[in-house]
Amino acid sequence: MADKRAARARRIQIMDAGEIERTIARMASEIVESNGSDLLLVGIHTRGIPLARRLAERISVLTGAEVPVGRLDITLYRDDVGPWRPAHQQPLLKETVLPVPINDLVVFLVDDVLFTGRTIRAALGSLVDYGRPRAVRLAVLVDRGHRELPIAADVVGKVLQTTSTEDVQVHLAEVDGDDGVWVGKEAGHGG
Amino acid sequence: MAVESASELKRKDVVGIASLQPGEIQLILDTAEELLEVARRPIKKVPVLRGATVVNLFMEPSTRTRFSFEMAEKRLSADTLNFSASTSSVSKGETLVDTARNLMAMAPDYIVIRHPNVGAPHRLAEVVPASIINAGDGINEHPTQALLDAFTMRQHFGRLEGLNVVIAGDIRHSRVARSNAFLLNKMGAKLRFAAPASLLPAGVEELGATTFLRLEPALEGADVVMMLRIQRERQAAVNFPSAREYYDFFALTEERLALAAPHAVVMHPGPMNRGVEIDSQVADGERSLILDQVTNGVAVRMAILYLLAGGRGAATADS
Amino acid sequence: MQRLLIRNGRVIDPSQSLDQGMDVLLEDGHVARIGERIRVKAETPVLDAAGLVVAPGFIDLNAHLCEPGHEQRETIASGCRAAVAGGFTAVCCSADTKPVNDEPSVTAFILERARDVNLARVYPVGAVSHGLAGTELAEIGEMVRAGAVAVGDPGPVANAQLMRRALEYTRSFDIPVTSHAESAGLSDGGLMHEGVVSTRIGLRGMPAAAEEVVVARDLMLVRLTSGRLHLRHLSTAGSLEAVRAAKAEDLAVTCEVAPHHFTLTDEDLAGATYHTDWKINPPLRSSEHVDAVKQALYDGTVDAIASDHTPQHRDDKELDFSEAPFGVVGLETAVSLAVDRLVHGKVIGIGRLVRLFSIGPAQAFRLPGGTLRPGSPADVTILDLRRRVTVDPNNFRSKSRNTPFAGLKLRGAPVVTIVGGRIVWRADA
């Protein structure tokens with residue numbers, strides 16, 4: 001209990017619900033300005049999916065056109081899954097749904113946090129198995145640095161200076177019940 | 001009592017349904033559901049098992065099961081080696097253990113084995129570090145068939161629990177019936193067997209089915225009717241008089257299918273003897289899920305290969 | 001004059017209704033005296049048997065010694081070493097040699113080898129049918145003259161007419177016909193007992209009825225022929241019930257059971273994940289049959305416990321369950337299993353156990369021995385009922401290791417085996 005309280009004390013809130021909402025609005029307009037039509041937003045499991053839906057809503061308000069949203073599970077493309085992984089710990093598979101053929105579309109991959117870049121590499125590997133988009137771009141809510149691959153985001157909500165051991169936690173209401181971004185020492189998600 | 005899915009398949013091998021927990025069955029079915037999607041892509045392949053080697057050791061003739069496994073393996077990017085009774089030097093006299101030791105020199109990650117002898121996969125699992133997947137051992141088990149059957153039922157009805165499933169035919173010599181019985185019992189379906197007593201095993205109650213000696217009463221209210229291939233080659237002539245008589249009394253015809261629930265579906269593990277245990281009208285009719293079974297088989301086998309990945313050298317939970 | 005005094009033992013000899021602390025004096029290959037505090041000259045060797053059971057030499061009615069022809073599994077020498085280490089002073093060996101023991105020269109060969117080995121007494125059982133083919137009678141009279149003590153094929157005899165004629169013909173020689181009671185048609189390639197367990201684990205079963213129909217047939221043939229019948233390794237409730245009824249009407253029938261049939265069930269086989277050391281014929285039965293075997297041991301229906309010692313080479317037992325041969329070695333485990341499970345398990349008393357290994361089998365085949373009456377052969381088995389042993393196949397004298405009992409801890413074991421007044425085996429202290 002004491003440990004937990006101490007950990008919570010060391011956790012600092014970086015964004016609240018209002019700021020997330022404003023950030024998503026800005027990201028939506030950046031996407032529209034630079035790319036125009038023929039868009040497909042693809043959320044990466046888990047929090048990339050509600051993020052992509054929110055972006056799509058904003059974009060359709062701005063442009064008056066519906067933007068299709070897909071869901072991508074990158075597990076089968078991860079570089080740490082397969083015969084090399086320790087026994088019996090294969091991650092559970094989740095759904096991949098791309099509502100339209102991706103050929104000749106501008107596909108925006110959407111995720112909550114950009115960290116090592118390995119998730120995005122896996123996502124790129126997966127996407128090309130579905131077709132040949134005109135371009136693939138990347139939108140993230142938080143870029144926390146510490147890249148291990150030559151990958152950069154095209155649209156970034158917020159750049160955070162972190163140490164590699166720190167944990168960045170994004171909460172989105174659809175998944176977590178509330179909105180917010182925290183940085184702390186606690187172990188948790190934040191790929 | 002919906003079955004809670006396990007979070008991992010904590011075993012080296014899948015040698016039978018008998019040793020699987022309900023949660024593990026659920027996990028395999030859930031995973032297969034996601035993997036079904038791979039077949040609908042332009043590029044029907046994912047890289048997850050690249051670098052893994054699978055030996056398909058088929059000591060008994062099989063086309064469907066071997067193709068299904070091979071396709072599953074290739075869709076996961078594994079490398080496959082095929083040994084079959086006709087192409088390999090393996091013959092009576094060489095022990096299975098010897099064969100296995102030779103294969104292990106190639107360091108496969110998986111061995112998929114079809115064998116006429118009951119228990120061969122179980123023995124193999126004890127002596128080699130590779131993950132063993134049973135693709136049918138004698139009259140004992142055919143776990144991937146039962147899993148694909150269950151997957152197909154679940155896909156159609158949205159559940160297994162409470163389904164009335166009739167399995168009809170040579171229950172005594174059918175590994176499909178046995179694996180299905182184990183699975184359906186674990187998952188809460190209601191099982192009925194329909195066969196003349198000469199085709200039922202001793203102590204059939206052990207398999208958890210209500211037994212009917214004629215097909216008609218078994219069909220009443222059935223949701224699923226699964227017809228087994230009458231293995232004429234395995235039948236001693238004393239088990240039933242003739243194919244003609246079998247058809248007359250035990251085949252699934254349109255007329256008999258009308259006794260089942262209006263929404264009932266028809267399944268068959270194949271290959272079918274049309275005009276012996278099943279009428280073509282029924283086999284090809286709109287209530288037939290026989291081709292779905294084939295499609296689903298690949299996804300189910302992919303799921304097992306995926307979930308066992310990295311299981312080499314782990315202690316098997318079957319003992 | 002060769003003498004040995006066994007002093008202070010608890011002498012149990014059911015042939016004389018004896019169970020008391022006594023001395024036994026052996027002289028020139030025979031029992032000389034039996035009594036309290038026998039005085040001997042100072043130079044007479046003395047064996048102190050205080051705290052031990054002194055019994056007539058144990059006789060195994062049913063062992064496969066495999067020689068000639070299958071020496072990779074067992075030889076008469078290795079089989080006799082196993083026998084004496086298991087407490088047996090005499091072994092009846094089956095006819096499934098190569099060539100088959102269906103004519104006097106093979107019988108004579110076996111006896112000659114046994115004389116050379118000079119450990120346990122060996123009593124050949126000849127084939128009942130020529131070449132074990134089940135069609136023509138073997139040379140029964142010639143084999144008896146050469147030393148055979150009984151005839152019988154160690155596998156199913158489908159032909160009831162042959163069985164009838166054998167029971168008739170053997171009356172001229174006063175020997176029993178042994179029967180491996182099994183209907184091969186009903187067994188139908190079965191690998192284990194047919195029942196709920198075979199259905200659960202998917203192995204083809206052979207029903208109890210496959211044994212029982214042939215027991216019934218053979219008992220009817222005894223009524224028809226007045227021949228003498230000995231039923232081998234009975235394993236089912238129905239078989240034993242039929243024998244019980246036959247004995248009540250004084251038919252000339254005897255029977256034996258094997259130790260694995262009162263110790264293991266088909267559930268044990270199921271627990272062994274298709275290991276072929278559990279593949280035995282008659283198969284390990286379900287518990288109600290095992291209980292029936294114990295009941296028949298208790299009520300006297302059974303005449304003898306016989307090992308059904310069936311050595312199989314490791315290479316053969318490494319085959320799959322479907323292809324591996326049937327059989328379990330038993331010479332070196334039979335007595336300990338019986339003491340542990342039957343006496344300590346409170347199924348029968350020690351007196352009954354000694355009977356089942358001595359006078360019971362001796363009378364079934366009309367063999368010398370089985371008793372410590374003065375003048376009898378000086379064959380003695382000495383047991384320590386409290387000795388704790390662990391079955392370790394690596395220590396077997398038998399050439400084969402096919403046993404489902406490896407690692408089993410048992411209480412009670414033979415400690416000294418005496419044949420013809422000579423100590424042929426002694427347990428390590």
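Order of the sequence lines fixes the chain letters, A, B, ..., with proteins taken first and strands second; residue numbering starts at 1 for each chain.
- Heavy atoms of A:V128 lying under 4.5 Å from chain B belong exclusively to its backbone.
- Under a 3.5 Å cut-off, the side chain of B:E8 and the backbone N or O of A:Q90 do not form any donor-acceptor pair.
- Side chains of B:V46 and A:Y77 form a contact here, defined as non-hydrogen atoms less than 4.5 Å apart.
- Summarising the local packing, CZ of A:R132 is surrounded by 12 or fewer heavy atoms from other residues, nucleotides or ligands at distances under 6.0 Å.
- Residue B:E37 comes nearest to A:T96 through the heavy atom pair CG-O, 3.7 Å, listed as atom of the first residue, atom of the second, then distance.
- Using a 4.5 Å cut-off between heavy atoms, B:K44 makes no contact with chain A at all.
- The two residues B:E34 and A:E95 make their nearest non-hydrogen contact at OE1-CA, 3.0 Å.
- Residue contact with chain A, scored on non-hydrogen atoms closer than 4.5 Å, involves the side chain of B:L27 exclusively.
- Side-chain contact check for A:L76 versus B:L35: some heavy-atom pair is nearer than 4.5 Å.
- Heavy atoms of other residues, nucleotides or ligands lying less than 6.0 angstrom from CG of A:L149 number more than 12.
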